[in-house]
Amino acid sequence: MAACALGENGAVSYVFGHSGRELERLAAQAALVEPVTRDILVGAGIAPGMRVLDVGSGIGDVAFLVSALVGESGSVVGVDRAEAAVAEARRRGEAGGMRNVSFEVGDPAELAFEAPFDAVVGRYVLQFQPDPAEMLRRLGGHLRPGGIVAFHELDWTGFRSVPEVASWERLCRLIVAAVEAGGATTRMGGELPSVFAQAGLPAPKVHMTALVGAGANSREVVARAVRVALTLRSPQDAPDLLRADDPDGEQLIERILEEAAAGGSFVIGPSELGASSRV
C-alpha cells in the first residue's frame with residue numbers, strides 16, 4: 001500500500017510502516033494488482049505525452065506503470081513522505097533506466113512544482129488521509145484546466161467466501177480491525193464518489209473488480225491477505241491464526257487453502273475500486 005499519510009496536525013499515520021519486509025510486500029502486491037490499476041488509469045484517460053503526479057508513490061510501482069502509459073514524450077513525478085520508500089523508488093528507477101520518472105520526498109499537496117500536471121493519480125492513498133476530500137481539493141491546484149484526477153482504493157466490506165471458509169473470514173476481520181484501529185478507513189473504495197463530490201469534482205467514472213479464487217486455486221488472494229496481516233500484527237496478537245513459529249505465514253496460507261478446497265469455496269478479496277474525473 002502507498003505511504004502517503006501526512007503524519008502531522010492530527011493526520012493518520014501509515015499503519016504498515018516502512019520496514020524491508022513491508023517494501024517487499026508492496027512489490028509483490030503491486031505485481032498482483034497492476035492489471036487492475038492499469039485498467040483504471042487507461043479508462044481515466046492517461047495517455048502518451050502527459051505529465052502526471054503520482055501521490056503516495058511508495059516504492060514507485062504506480063509511477064513506473066504510468067511511465068509506460070505516457071511514454072518517452074511524457075513524464076511522471078512520484079511523491080511520498082517516507083524517505084526510505086522514495087530512496088527505494090529512485091534506486092529501482094535508475095536500475096530500470098527510466099528517464100521520464102523522478103521522485104520527491106514530501107507532502108504532494110504542499111510541494112511546489114515547476115509546471116502544472118495533466119493528471120494526478122494514486123493507489124491506496126486516500127484511505128490514510130484524515131480528510132481525503134480536502135486532499136483532493138489541494139491536489140487539484142497542481143492540475144491544468146481539464147486535468148484528470150484518478151484514484152484506486154480498497155473496500156474491505158467486499159471480502160467473503162462461499163461456502164464460508166472460517167479462517168479466511170477471521171483473517172479478513174483481523175485486517176479490518178487492525179487498519180481501523182490505526183485510524184485509517186477500510187471502506188474508501190465505496191466512498192470514492194462521495195469524496196469526489198465533497199472535493200467539488202464532477203461525478204467520477206467508476207470501476208470495480210476483486211481478486212478472487214476457487215478452492216485450492218486461491219493462493220494469490222490468500223497469500224496477499226496473510227502478508228498484510230503479518231505486517232499489521234505480530235503472531236502473538238492473533239495466536240489462533242498467526243503463529244510465532246510461522247514467520248512467513250505459510251502454515252496459515254495452507255490452512256486456508258485446505259479449508260477452501262474442502263468446501264469448493266469461492267474466496268473473494270476486498271473490492272478494488274477506481275474513480276476518475278476531469279477538473
Original post:
Does S265 use its side chain to pair, donor to acceptor, with the backbone of P163 at less than 3.5 Å?
Top reply: yes
Subject >> Any I148 side-chain heavy atom under 4.5 Å of D118 side chain >> reply: no
Subject >> E220 and R227 ion-paired at < 4.0 Å >> reply: no
**OP:** Nearest 0.5 Å please: distance from the OH atom of Y124 over to the CD atom of Q29.
**Re:** 5.0 Å
Original post:
Just checking, any donor-acceptor pair under 3.5 angstrom between side chains of T157 and R187?
Top reply: no
Subject >> For the student: nearest non-hydrogen atoms of F64 and I59, plus distance >> reply: CE1-O, 3.8 Å
Original post:
Which residue, D248, I253, V221, forms the side chain to side chain contact (heavy atoms under 4.5 Å, CB included) with V226?
Top reply: I253
Original post:
Nearest 0.5 Å, what's the CE-CD1 distance between M208 and I40?
Top reply: 11.5 Å
**OP:** Look at R138 together with E110 and state whether they make a salt bridge at an N to O cut-off of under 4.0 Å.
**Re:** yes
Original post:
Can you name the nearest heavy-atom pair linking E153 to L126, along with the distance?
Top reply: OE2-N, 2.7 Å
Subject >> CG-CG distance between L273 and L154, expressed to the nearest 0.5 angstrom >> reply: 8.5 Å
**OP:** State, yes or no, whether a side-chain contact exists between R255 and L252 at a heavy-atom distance under 4.5 Å.
**Re:** yes
Original post:
Hey, any chance L53 and L111 share a hydrophobic cluster, counting ILVMFWY side chains that come within less than 4.5 Å of each other, even indirectly?
Top reply: yes
Subject >> Polar contact flag, side-chain donor to acceptor under 3.5 angstrom, T186-E180 >> reply: yes
Subject >> Pair S67, N100: side-chain N/O donor-acceptor within cut-off below 3.5 Å >> reply: yes
Subject >> Donor-acceptor under 3.5 Å (K205 side chain, G43 main chain) >> reply: yes
**OP:** Show your reasoning for whether salt bridge (charged side-chain N to carboxylate O under 4.0 Å, His left out) applies to D61 and R92.
**Re:** CA-CA 9 Å; D61 292 291; R92 296 175 73 202; 3.0 Å; yes
Original post:
So do W156 and C172 actually touch side chain to side chain, heavy atoms under 4.5 Å?
Top reply: yes
**OP:** Check the side chains of S167 and E259 for a donor-acceptor pair under 3.5 angstrom, ignoring hydrogens and angles.
**Re:** yes
Original post:
So which heavy atom on S271 is nearest to which on A210, and how close?
Top reply: CA-CB, 4.4 Å
Original post:
From R160 CZ over to E169 CD, what is the distance, rounded to the nearest 0.5 angstrom?
Top reply: 9.5 Å
Subject >> From CA spacing to verdict: side-chain contact (heavy atoms from CB on, under 4.5 Å), V149, F196 >> reply: CA-CA 9 Å; V149 177; F196 272 52; 4.0 Å; yes
Original post:
Are R90 and F103 in a cation-pi setup, meaning NZ or CZ lies under 6.0 angstrom from the ring centre and within 45 degrees of the ring axis?
Top reply: no
Original post:
Donor-acceptor pair, S161 side chain versus V267 backbone, under 3.5 Å?
Top reply: no
Original post:
Would E272 and D155 satisfy side-chain contact (heavy atoms from CB on, under 4.5 Å), going step by step from the backbone distance to the final call?
Top reply: CA-CA 7 Å; E272 308 274 346; D155 191 325; over 6 Å; no
Original post:
Between E88 and R91, is the closest basic N to carboxylate O distance under 4.0 Å?
Top reply: yes
**OP:** Output, in order, the C-alpha distance, side-chain angles, deciding distance and verdict of side-chain contact (heavy atoms from CB on, under 4.5 Å) for V195 and M188.
**Re:** CA-CA 9 Å; V195 169; M188 180 52 62; 4.1 Å; yes
Original post:
Just by modelled atom types, is the L41 backbone N or O under 3.5 Å from a matching donor or acceptor in the H207 side chain?
Top reply: no
**OP:** Supply the atom-to-atom distance R170 CZ to I175 CD1, rounded to the nearest 0.5 angstrom.
**Re:** 10.5 Å
Original post:
Ignoring hydrogens and geometry, is there a side-chain-to-backbone donor-acceptor pair from R144 to P116 under 3.5 Å?
Top reply: no
Original post:
Once you round to the nearest 0.5 Å, how far does CG of D246 lie from CG of L242?
Top reply: 8.0 Å
Original post:
Do D80 and V105 have side-chain heavy atoms sitting under 4.5 Å apart?
Top reply: no
Subject >> Step-by-step side-chain contact (heavy atoms from CB on, under 4.5 Å) determination, F128 to T185 >> reply: CA-CA 7 Å; F128 297 109; T185 178; over 6 Å; no
